[in-house]
Amino acid sequence: MTAHAYDDYRDNKIESGLLYQDFIVDLMLQVLRFPVTTYSSRLYQTTVGEGPCGVEIKHDEKYATTKRLWIEVAEKARPRDGDYAPSGICRDDNSWLYIIGNYDVVFVFSKVLLRAYHDTGPRARKQHAHIKGVSVTRPDRVVLGGASIDAERGTENRAGGR
């Protein structure tokens, strides 16, 4: 992929993520009565975190077809030689809650418990030119103190089927 093509790809992913972030902000307020606020500047996002309430939001565009969640652990702004920077659940910021999904289903996890899931035992880890992560193949079976939200119905399901 050329540098220009990658820039277009990245811009598209950023815009998609911002739209999904807005969707989640509304959904969290409507379903859980939990107001989520986010920072929009790169400065605040890199020095403090995604927002003042400590919520990281990820749009998993492939979940509908793969039924696996991609949990990000490291990234590069652009494919290049050298080390990856910690990101997602491995980033040292104010995040304590990790929200991931698509427009049909949303999973809400404790970042600490998701990190423990990543750090213990064999996991399906993957690496691409610009990102590293772990694949959660059965998020509906992983009990991490999380919940799932059916976005179409506006209903919440707690982990463990309660």
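Any value given below was found using the heavy atoms of this structure, including those in side chains, with hydrogens, waters and symmetry copies removed.
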query = Is there side-chain contact between Leu27 and Tyr103, with heavy atoms separated by less than 4.5 Å?
reply = no
Side chain to side chain contact (heavy atoms under 4.5 Å, CB included) partners for Asp8, two or more places apart = His4
ask   = Linking Ile, Leu, Val, Met, Phe, Trp and Tyr by side-chain heavy atoms under 4.5 Å, what else ends up with Leu18?
value = Ile14
request  = Establish, for the pair Lys111 and Tyr98, whether the NZ or CZ atom is under 6.0 angstrom from the six-membered ring centre and no further than 45 degrees off its axis.
outcome  = no
query = Between atom CD of Glu56 and atom CG of Leu114, what is the distance when rounded to the nearest 0.5 Å?
reply = 10.5 Å
request  = Determine, using the 4.5 Å side-chain heavy-atom cutoff (strictly less than), whether Val112 and Leu97 are members of one ILVMFWY cluster.
outcome  = no
request  = Under the side chain to side chain contact (heavy atoms under 4.5 Å, CB included) rule, collect the residues that match up with Leu29, sequence neighbours excluded.
outcome  = Pro35
task = With sequence neighbours excluded, tell me which residues meet side chain to side chain contact (heavy atoms under 4.5 Å, CB included) with Tyr39.
result = Tyr44, Gln45, Val48, Pro52
inquiry  = Using only atom types and a distance under 3.5 Å, with no angle test, would you say the side chain of Asn102 pairs donor to acceptor with the backbone of Asp60?
reply    = no
note = The salt bridge (Lys or Arg N to Asp or Glu O under 4.0 Å) partners of Arg91 (sequence neighbours excluded) come to Glu50, Asp93
ask   = Taking it one step at a time, do Tyr63 and Trp70 satisfy side chain to side chain contact (heavy atoms under 4.5 Å, CB included)?
value = CA-CA 8 Å; Tyr63 177 75; Trp70 172 260; over 6 Å; no
Pairing residues for Glu72 by the salt bridge (Lys or Arg N to Asp or Glu O under 4.0 Å) criterion, not counting sequence neighbours = Lys58
request  = Supply the atom-to-atom distance Ile71 CD1 to His118 NE2, rounded to the nearest 0.5 angstrom.
outcome  = 10.0 Å
Closest non-hydrogen atom pair, Phe23 against Val106 = CE2-CG2, 4.4 Å
Ring pair (Phe, Tyr, Trp, His ring centres under 6.0 Å) against Phe34, all qualifying residues, sequence neighbours excluded = none
message = Which heavy atom of Thr37 sits nearest to which heavy atom of Cys53, and what is that distance?
response = N-SG, 3.4 Å
Inter-residue atom distance Ile99.CD1 - Ile24.CD1, 0.5 Å rounding = 6.0 Å
query = Do any pairs count as a side chain to side chain donor-acceptor pair (under 3.5 Å) and have a residue in residues 13-32, sequence neighbours left out, and if so which ones?
reply = Lys13-Glu61, Ser16-His59, Ser16-Glu61, Gln21-Thr38
ask   = Heavy-atom count around Asp83 CG within 6.0 Å, excluding the residue itself: above 12?
value = no
request  = Among residues two or more places apart or on two chains, list those pairs meeting salt bridge (Lys or Arg N to Asp or Glu O under 4.0 Å) that have a residue in residues 31-40.
outcome  = none
request  = Locate the shortest heavy-atom distance separating Ser87 from Glu75; write the atom from each residue and the value.
outcome  = OG-N, 3.5 Å
